[in-house]
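Keep in mind it's a predicted model, so treat the numbers as computed, not measured. Letters go in sequence order (proteins before strands), and every chain restarts at 1.
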Amino acid sequence: MGSSRFSTRLLNISIASFCKSQQLEKAEATIADAIRLGYIPDVVTYNTLIPAYTHFVGFDAAYLILNRITKSGLTPDVVTYNSLIAGATRCSLVPQSLGLLEEMQRSGINPSVWTYNTLMHCFFISGQLEEARRMFDKIIYSNLTPCQTTFNTIINGLCKVGDTSNALLYFRRIQSRGFSPKIVTYNILINALCKSRKLREARRFLKELKESGHDPNAITYTTVIKWYFRSSRFEEGFKIFLEMKSKGYTFDAFAYCTVISTLVMKGKMEEANVCIEHMVRNGVLDIVSYNTLISFYCKEGKLESALKLLDEIDKGGMNTDEYTHTILIDGLCRTGDIDKAQQHLKHMKLRGYDTNFAASNCLISGLCKSGQYEYALKLFEKMEFKDSFTYTSLVHGFCKAGKFCEAANIMIKCLRSGMKVLTSVQRAVFYGLRDKGLGREVRKLRSAIRIARTYSRYKSELR
DNA sequence: ATAGGGTTAG
């Protein structure tokens with residue numbers, strides 16, 4: 001029936017628009033209505049829901065769409081699987097991404113360039129360079145043609161693992177072989193260069209971008225503004241902001257969050273507040289926007305306002321994420337409400353956020369601040385994953401309590417795990433040990449640092 | 001349907 005096909009297309013358009021404005025319930029209600037009226041959703045209808053479910057609910061919810069497709073007598077296609085792989089990648093679920101690749105091949109669906117691009121990205125962000133390389137080889141051996149995104153993914157991946165110089169070399173090499181960079185490539189490089197503090201080189205790329213006939217877009221502008229603000233060059237940042245406005249670009253959620261969080265970071269609370277008012281007036285808030293707001297209120301010590309937003313998120317049918325809870329735990333610790341912070345951490349575990357160690361890091365530093373070292377140490381020992389924040393917080397805490405031997409021991413553990421303690425905290429440990437006449441401990445620590453340094457040099461030579 | 005700018009911790 002021709003008219004029904006036409007209606008399915010209209011249905012899909014309206015589903016896409018609901019998904020885009022994060023109105024999943026309306027999307028689902030529309031599908032239900034359509035079915036009641038005798039129109040049949042097709043695989044495109046369901047595929048459209050996948051990224052929306054990933055984004056606003058979670059990967060598990062997105063994965064359930066697969067069942068709905070088969071239950072409706074439809075067959076998942078390459079787009080279904082590519083979307084699911086992208087969803088798993090988004091949620092940092094590497095094994096699931098690979099499982100999906102196998103699953104799709106078992107169902108007789110051939111992976112496309114998109115599939116491998118996505119998997120390559122997945123491996124890059126999880127630091128598995130060899131595997132990422134293997135995905136590129138798959139593209140070549142499967143007689144698929146690498147595309148612009150393939151190259152951008154590689155450049156971006158190298159940047160994300162901290163290898164900006166190799167990203168640049170690779171970029172220049174493929175450029176000399178006919179790769180013509182577009183705006184995305186430039187944005188990747190400009191951001192990476194800013195991040196590794198090569199601001200001059202970043203500016204050169206901005207110039208190159210303009211000279212090659214491209215116009216900076218909203219992403220370019222947001223990136224540049226962020227880095228001007230971060231280096232406290234507010235005047236220049238606002239100048240760029242005006243240039244952006246004069247080009248007709250408006251702020252989106254990304255731009256607002258970037259600017260607000262950078263201003264908060266710099267302690268410019270009034271300016272941040274002006275920006276927040278704009279953001280709230282201008283658009284639908286997503287979870288990251290809410291997190292940014294909550295962070296602002298926490299830094300201001302207005303925990304009630306922060307908690308009120310939690311209700312608002314709930315009422316809007318949105319889900320909080322690990323950031324939301326980490327920010328709150330940190331806020332509670334900062335106001336000295338350790339008990340509530342601990343309660344909240346338990347609540348996180350119950351909600352399945354147990355792999356999140358950022359929250360534990362906050363709690364460790366909060367416990368140290370309130371003098372509960374024993375408890376901080378217990379929590380530290382229970383933590384399965386630790387990073388340099390974990391170690392630094394604890395070492396810092398012990399220093400402040402005058403327990404320099406304990407601080408030194410934790411620092412040695414940290415060095416042995418291949419991580420570093422913040423330099424200023426390192427200095428505090430040495431100063432304290434010396435002050436107490438603990439020369440033997442000083443020497444022990446020195447030698448641990450030397451060994452760690454040798455080892456890390458050795459590792460970088462191996463690469 | 002994939003790649004680029006956003007939220008956490010000293």
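- With B:dT7, B:dA1, B:dA3 as the choices, the nucleotide that has an atom nearest any side-chain atom of A:Val288 turns out to be B:dT7.
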Under 3.5 Å, side-chain donor or acceptor atoms of residues 132-144 of chain A against the rest of the protein: list the pairs with distances, not counting sequence neighbours.
unit_1	atom_1	unit_2	atom_2	d
A:Arg134	NE	A:Glu131	OE1	3.2
A:Arg134	NH2	A:Glu131	OE1	3.4
A:Ser142	OG	A:Lys138	O	2.4

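- Distance, A:Phe124 CZ to B:dG4 C1': 15 Å, rounded to whole Å.
- Evaluation of atom-type donor-acceptor distances gives a pair under 3.5 Å for the side chain of A:Thr222 against the base of B:dG5.
- Here the P atom of nucleotide B:dT7 and the CG atom of A:Asp286 are 12 Å apart, to the nearest Å.
- In this structure, A:Lys386 forms a cation-pi arrangement with A:Phe380, its terminal cationic atom sitting closer than 6.0 Å to the ring centre and no more than 45° off the ring axis.
- No hydrogens or angles were tested; on distance alone, a donor-acceptor pair under 3.5 Å links the side chain of A:Asp252 to the base of B:dG5.
- B:dT7 has A:Tyr323 stacked on its base ring, the centres lying under 5.5 angstrom apart and the planes within 30 degrees of parallel.
- With sequence neighbours left out, A:His344 forms a ring pair (Phe, Tyr, Trp, His ring centres under 6.0 Å) with A:His325, A:His347.
- Under the rule for a ring pair (Phe, Tyr, Trp, His ring centres under 6.0 Å), A:Tyr290 has no partner lying at least two apart in sequence or in another chain.
- Summarising the geometry, the separation between OH on A:Tyr290 and P on B:dT7 is reported as 19 Å, rounded to the nearest angstrom.
- Contact between the side-chain N/O atoms of A:Lys386 and the OP1/OP2 oxygens of B:dA9 is not found at any separation under 4.0 Å.
- Which of B:dA9, B:dT2, B:dG10 sits closest to the side chain of A:Trp114 comes down to B:dT2.
- For A:Pro51, counting side-chain heavy atoms from C-beta on, the closest listed nucleotide (B:dG4, B:dT8, B:dA1) is B:dA1.
- Atom OH in A:Tyr391 sits roughly 18 Å away from atom P in B:dG10 (whole-Å rounding).
- Rounded to whole Å, the distance from CG on A:Leu367 to P on B:dA9 is 17 Å.
- Listed by residue number, the members of residues 325-335 of chain A with any heavy atom below 4.0 angstrom from DNA chain B are A:Thr326, A:Ile327, A:Asp330, A:Arg334.
- Checked against B:dG4, B:dA1, B:dG5, the side chain of A:Thr258 finds its nearest nucleotide in B:dG5.
- Aromatic ring centroids of A:Phe238 and A:Phe229 lie under 6.0 Å apart.
- Rounded to a whole Å, the CG atom of A:Leu209 is 17 Å from the P atom of B:dG4.
- Within 4.0 Å of A:Ala86, counting heavy atoms only, lie sugar-phosphate atoms of the nucleic acid but no base atom.
- Residues meeting the side chain to side chain contact (heavy atoms under 4.5 Å, CB included) test with A:Ile183, sequence neighbours left out: A:Asn187, A:Leu209, A:Asn217, A:Thr220.
- Within 4.0 Å of A:Ile183, counting heavy atoms only, lies at least one base atom of the nucleic acid.
- The listed nucleotides are B:dG5, B:dG10, B:dA1; the one nearest the side chain of A:Ser393 is B:dG10.
- Not one side-chain nitrogen or oxygen of A:His396 sits closer than 4.0 Å to the OP1 or OP2 atom of B:dA9.
- When the side-chain nitrogen and oxygen atoms of A:Ser261 are compared with OP1 and OP2 of B:dT7, one or more of them lie within a distance under 4.0 Å.
- Here A:Asn191 does not reach the OP1 or OP2 of B:dG4: none of its side-chain N or O atoms lies under 4.0 Å away.
- Going from atom CZ of A:Phe385 over to atom P of B:dT8 covers 23 Å, rounded to whole Å.
- For B:dA3, neither phosphate oxygen OP1 nor OP2 lies less than 4.0 angstrom from any side-chain nitrogen or oxygen of A:Asn156.
- Set against B:dT2, B:dG5, B:dG10, the side chain of A:Thr392 has B:dG10 as its closest nucleotide.
- Ionic pairing of A:Lys198 and A:Glu201 is not present here: no N-O contact between side-chain nitrogen and carboxylate oxygen is shorter than 4.0 angstrom.
- The nucleotide whose nearest atom lies closest to any side-chain atom of A:Val184 is, among B:dA1, B:dA9, B:dG4, B:dG4.
- Phosphate contact (OP1/OP2 of B:dA9, side-chain N/O of A:Lys299, threshold under 4.0 Å): present.
- Rounded to an integer number of Å, the gap from CE of A:Met244 to P of B:dG5 is 15 Å.
- Mapping A:His55 and A:Thr118 onto DNA chain B by nearest heavy atom places A:Thr118 closer to the 5' end of the strand.
- Using a 4.5 Å heavy-atom cutoff, the side chains of A:Phe124 and A:Leu129 are in contact.
- Within the 4.0 angstrom heavy-atom criterion, no nucleotide atom of any strand lies near A:Thr115.
- Across all strands, A:Lys195 comes closer than 4.0 Å to no nucleic acid atom at all (heavy-atom distances).
- Sequence neighbours left out, the pairs with a member in residues 272-283 of chain A that pass side chain to side chain donor-acceptor pair (under 3.5 Å) are A:Tyr256-A:Asn282.
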